[in-house]
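What follows is a single structure, written as structure tokens, with notes after it.
We use all heavy atoms of the structure for the numbers below, so side chains are in, but hydrogens, waters and symmetry mates are not. Please read these numbers as outputs of a predicted model, since none were measured by experiment. Counting starts at 1 for both ligands and their atoms, following the listed order.
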Amino acid sequence: MSPRRAIIGVFDSGFGGLTVLKALLEVIPDADYAYFGDTARLPYGSKSVETVARYAVEAAHYLESHGAQLLVIACNTATALALDRITNAAHVPVVGVVEPGAEAAAAATKNGKIVVIGTEATVSSHAYRKALEARALEAREKACPLLVPLVEEGWVDHAVTEQVARIYLGEAFADGFADADVLVLGCTHYPLLKPLLHRVAPAHVRIVDSAESTARAVASHLRQLLPPRPAALYNDERRAVARLKFFATDSVEKFRRLGQRFLGHELADVLHVDLKE
Ligand code: DGL
């Protein structure tokens with residue numbers, strides 16, 4: 001591992017993982033990042049384990065070939081369905097979003113009852129439920145497939161999105177889970193809906209964003225991986241801004257346009273990648 005700046009590879013099915021990159025940049029500003037968005041093959045949320053695992057392993061190898069020393073699987077669906085397969089195939093440490101999300105939920109809950117929202121595939125895998133039950137917490141998982149296209153449409157504060165979210169959360173916070181006190185955002189796109197979800201979720205509910213907890217988990221991995229650096233060098237590096245490189249399997253122009261919404265600023269260095277099947 002280089003004694004200088006770390007290169008962190010971030011993988012997602014598309015643009016949504018940029019919410020995780022945004023959190024990473026806040027917690028670890030002194031690293032370089034290579035982000036891979038598999039925009040030609042999204043959405044992953046409606047695909048099978050086999051397909052998602054194959055795509056994700058290809059992307060992981062691509063990021064490794066571009067120098068990634070640690071891989072962040074920012075996509076909840078890829079983490080839920082294929083983290084083991086990616087970890088086995090990779091030659092560097094791999095961090096997914098489910099365990100950090102479950103950890104944050106465990107820290108936030110008072111009554112041990114959690115609602116998790118995510119894609120159809122994430123919910124069917126029960127990865128979050130297993131991670132939460134391993135912490136002696138009760139979980140209800142709810143698939144919210146309409147939310148991803150609504151966010152990509154830019155309707156993050158739209159009456160239609162609010163109505164859709166009201167129906168989903170109404171069904172999730174019902175029966176035995178009316179008093180659940182934590183809502184886990186188990187999908188890369190949902191952090192953009194935080195203000196809306198705060199309005200729609202029952203007032204007592206705390207919202208846990210797996211992007212933030214994942215960034216903290218990556219920072220602690222890096223501390224173990226990187227040798228201690230001289231203070232002067234470290235200070236110089238902290239002042240340096242993160243270098244960001246983006247790889248997208250579909251249109252570069254579209255990646256720039258939509259990506260800006262997720263990351264909050266312009267994406268300069270975007271390259272098109274053609275992964276051969
Ligand atoms: N990135 C996916 C996730 O976090 C959402 C988009 C998709 O279905 O590809 O589950």
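- Residue pairs that meet the side-chain hydrogen bond (donor to acceptor under 3.5 Å, both in side chains) test with at least one member in residues 84-93, sequence neighbours left out, are E50-R85, E64-H91.
- For ligand 1, the 4.0 Å heavy-atom shell contains residues D12, S13, P43, Y44, G45, C75, N76, T77, T119, C187, T188, H189.
- The pair E253-R257 counts as a salt bridge, with a side-chain nitrogen and a carboxylate oxygen less than 4.0 angstrom apart.
- In this structure, the separation between CG on N76 and OG1 on T122 is 5.5 Å, given to the nearest 0.5 Å.
- Ion pairing between a basic and an acidic side chain is recognised when a charged N comes within 4.0 Å of a carboxylate O; R216 and E103 show no such pairing.
- Here the CD atom belonging to E120 is positioned 10.5 Å from the OG1 atom belonging to T77, to the nearest 0.5 angstrom.
- Aromatic ring pairs are classed by plane angle as parallel below 30°, tilted from 30° to 60° and perpendicular above 60°; the pair F262 and F15 is parallel.
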